[in-house]
Structures are given as C-alpha cells and as structure tokens.
Amino acid sequence: MADTAVTVEPAATLRVVSPEGPVATTVPVELAPRLEDLSGRALAFLSNTKPNIDLLLQTYASLLQERYGTTIFQARKRNAAVGAGPLIAEVAEQADAVVTGIADCGACTAQSSRDTVAFEREGVPTVLVTTTAFEQLAMNQARFAGAERMRVIVLPHPFESLRGEEVVARAESTVDRLAELLCGDEGTDTGNHADASA
Amino acid sequence: MSVDALETPLVELEADEYSFQRVALERGWSDGLPVVAPTQERVAAMLATVDAPPELSLGTMPPGGRAATLEAIAANAVLAGCEPRWFPVVVAAVSAALDPLFNLEGMVPTTHPVSTFACVNGPAAEALGYNGGANALGPGNAANATTGRALRLVLQNIGGGRSPNVDRSTQGGPAKYTYCAAENEQASPWLPLHAERGFAREQSAVTVFGGEAPANIVDYVSKTPEGILQAAASTASGRGANNCYYMGELVLLLCPEHTKVIAAAGWSKSDIRGYLFDHARNSLRDLKRGGMWGMQYWPPWFTSVDDDHRLPMVETSDAIWIVVLGGAGRQSSCIRAWTGTSRGVSRPILTEGLDDLVAPAR
C-alpha cells in the first residue's frame, strides 16, 4: 500500500468577483471627550427594558448620585430590537453622559451598540453594559457603525436570570469601573473582536 | 455614509472549481453546500438580465454596511447556482430586505432562528419556472432553491451576517439555507398576496418575511372552515412562538384542498383573518406561566384585561397574510414571525427602472 498522501494540485487560477461587495465608507467616530469628573453632572440611563436592566441602571444611578451628586434621568426604548431613534437626540441634548443596556442577546446587542456609537457621535460619552457571551458581537457591531473604540462594562453571562439582590451586587461591584470609563479615554478597541470580513 | 469604491473587488485564487469549495468555506462565502465560482463571465451573464449599471447600489446592507451593488448581488446569485433569468427576482428580494421596515439590523444578529421567506407572485413565477405546487418548499426545483439561497448568501456575504460572530442564532435551522416558493395562484379563488399588497396582478413581485420554518397544520377530516382553522389557530398561537409576546405578522400557507373547503363555504381571506384573530389566542393566565413573560412588548390594552381573557398573537387581523401553497393532500402550515419590529416587504420584479428598487434611507 502506498503511504504517500495524494494531493490534488489546482488545475488553474480562478479569478472571481467578490461576493462581499464593495466596502461602504462609514464616517469614523471618535470617542467623545471624557468627563472631567462626575460632580454634579447630568447622567442619562437608557434602558432597553430587558429583564434586570432597569434595576441595574437604577442602582448605578443612586450610587453615583450618592457619591458624586450627579443628577440622573431615566429613559426607555420602546423595544430592544430597534434603535433608540429620536431618543438619541433628545437624551444627548440633556445628558453629559449616558449609560445604556443591556446587550445580552443578538438583536438587542446590535441595536444597543449602534445606540452607543450614535451617542458618541453626538459628543456624549456613553458606556454600554454587555455580557461575556455578547461582548464580541457588541464590538463588531460598533465597528460596523464606524467606532474604533467603545466604552463597555462586561458582566458575566447570563444576566437576565439573576435575582434582584444579585443584580444590585453586580451594580455595586462595577460602579467604580463605570465612573472610570466616563472620566477616562479608555474604551475598548472594537477591532480586536471584529468578524474577519468586517 | 458614502460609498467610495462601488467597484466590486476581483479576487485571484489558486484554485479550480473543486478546490474552490474549500476556499469559499474558508473565506466565509459558503453555506457549507457546494457553490459555483462567481467568475466575471458568469456574473456578466446575470447582469445582462437587467438594464442597469453593475455598480448601482440598492443600499448599504446591515449589519456590516457593505454596498449591495448589482454586481455583488450577481456574484452571490452565481454562488447559489442561480440561472441568469432568476437574477431579477433575487434583486427584488434583496431590495425588499433592505427596507428599514424589515429591520435587518435587529434580525440578522438575533438568537432567534429567523429565516427570510420569499414569496414570488405574478406571471413571472410560472414563466421563470418557480414552484408553488407540490413540495414547493422542499428540494427539487432549482428556481426556488437557488433564489432563496442567493438571498441568504447576500445577507451573509454582503451584510456580514455569518455565524458565529454576527449571526447569533442559537440553534440555527434548515430554513436558513433556502426559503422561497411561488404562491399557487391558480389554486386560489382569492386575490394573490401581491395584489392584496397593492400590485396589479400582472406586475410580478417578491415579498419577504422574517419568520420561523413552517409549523404544520394537518386536517384530513373537516368539511367546514372552522374545523381546519381551529387547528391553524392552535398551531399559530403556540406559546413557544415569539408572536405571543412580541406580536409580529403571521403567514398562513394554505394548501389547495383546505382552500377549497374554506372557499366553498363562502369564506374570504378577510373571514379567515377574522377567525384567526379571534381564535389564535392564549389566556393572560397561560401567558404568565413562563416563556417570554416579563419581556413582552404588547399594545397597552393587553394589560387592561383579566387573567381569563384570551389575547391575540397579532396586533390586528391585518397582520395575518394568507398564501395558497402546495399540491394534493391536506397539509397546510404557518410561518410565525421573528418579532413585530420587522414587517414583511414587497418589491416589484423589474428588469429596467431599477432605481425604484434602491432602498429608502435608514
């Protein structure tokens, strides 16, 4: 028996039209300037109404208000599977910074990432709350929307099944990070997580 | 967004037709089944069926944002194995999917197994060889199989909606390979789908709808519309379907023999809608038992009822479409929606005047 592997040599060169189509140039988005500090700032908390996010955002809000004297207001999207639409301009007008979420499933991650990039485009520093299972999707969606960096807090997945006290504990353990992100230039590079074709 | 380079890139590969399968899979261009290499000659043959420049873009395709140019769509039609004459149908379907009402941004990354059903109506259906009769949604008809496949490949390759990074479908599903059929207009005593949606009968059209694979409705016994439709109502309103909590539209695929029983009793499509709106329901008590309870997006009046009240799984009866489909036998089915954030969209099948197919701004 022959023990050499048989390889099929390509008989020709194929030239094909790429089925991916031309790249549409997205106007790149820079991260909005960071807040100097949180003292007395107006913070908006934009919920997409998914389970537990309202409690998380409310807990962040009271903690930040307690510690920094921030004024807070809450806003809610009508549906997690669509973009915030006119809410972006409305909230951006009133807020110094935004915290939004939750990006813990497919459609809601895509839309909340786009919302986050839209706020940054308006010059409002914004933090997206996502989970470990959907961080990658959040990043590549942000990249598709033109952002090279995005401010995110990544919670363990799953989030929606947590009990109330666990949600509060998550908020307490990550609120300092939230404050750091709003007052820092960090943001995560969206490119490291992008799909190869992006 | 501006589209700088509308020219679709050419890619040189060290491959032949056989090894192209592996290359296409590695590049993320394939669905796992064999594909046809989109050489310039084959792409040109597709483009020759429409009177429009190859660089015409129907719109930037979410979520990846690349331009859905006719040339790029043609490359996917070749990949899928389409004959050139089906290209205008693919183009119309892509145009429909790009409508903001369809909500590709939300639909493509979802964990739901949503697939894009494409229904072909009008004279082109028969003229181009689409099947709306026996086994219409099954294998064996190249027009159905490759048109549906081309649409999926466009969403994947131009839109970037590929698994596992962007398409986050938890389990996936067979309808994601291809999901296209013609309506069996000959077997229908009623207005065909496209005519109901505002087209002249003679204007061929494609309608796309984002939903599950079909759920079966078998009835070999009933001699009345109610007998058949109560089974349809039960299947449609199953609490595992997103409709119950997220609203959305519903497509009833009625087989010719069920159609006959219902029409013989003097029922119109409107009567079917009325019946289903009334009967495809779950009590608030049952809806609270689990499922998506707690995450629902309901019209405000839903919460004004008591626990015994039965709530519909569509917002209004207009959200129910009826398509006659299939051959002999008494097996109908229904397509339950992904969510109410996406609406079905129709476009005319055109070979000229394709500017009309360019998507409205998002």
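All figures in this text were calculated on a predicted structure; none of them were measured in a lab. Chain letters run A, B, ... following the sequence lines, proteins first and then strands; every chain starts at 1. The figures that follow rest on heavy atoms only: side chains count, while hydrogens, waters and symmetry mates do not.
Nearest heavy atoms, B:Glu12 versus A:Arg15: OE2-NE, 2.7 Å. The nearest pair of heavy atoms linking B:Ala75 to A:Val17 is CB-O, 3.7 Å. Nearest heavy atoms, B:Arg168 versus A:Ala133: NH2-O, 3.0 Å. The two residues B:Ala37 and A:Val16 make their nearest non-hydrogen contact at CB-CG1, 4.1 Å. In terms of heavy-atom proximity, A:Gly106 sits nearest to B:Thr111 at N-CG2, 3.8 Å. Across every non-hydrogen atom of A:Ala110 and B:Glu105, the tightest pair is CB-O, 3.5 Å.
Of the two parts of A:Asn52, neither the backbone nor the side chain holds a non-hydrogen atom closer than 4.5 Å to a non-hydrogen atom of chain B. Contacts between B:Val11 and chain A at a heavy-atom distance below 4.5 Å involve backbone atoms as well as side-chain atoms. Using a 4.5 Å cut-off between heavy atoms, B:Ile158 contacts chain A through both its backbone and its side chain.
Counting heavy-atom pairs closer than 4.5 Å to chain A, the top-ranked of the candidates B:Pro38, B:Gly106, B:Ala24 is B:Pro38.
In this structure the side chain of B:Thr60 never reaches within 4.5 angstrom of the side chain of A:Phe144, judged on heavy atoms.
Not a single donor-acceptor pair under 3.5 Å links the side chain of A:Asn79 to the backbone N or O of B:Tyr297.
Within a 6.0 Å radius of OH in B:Tyr177, other residues, nucleotides and ligands contribute 12 heavy atoms or fewer.
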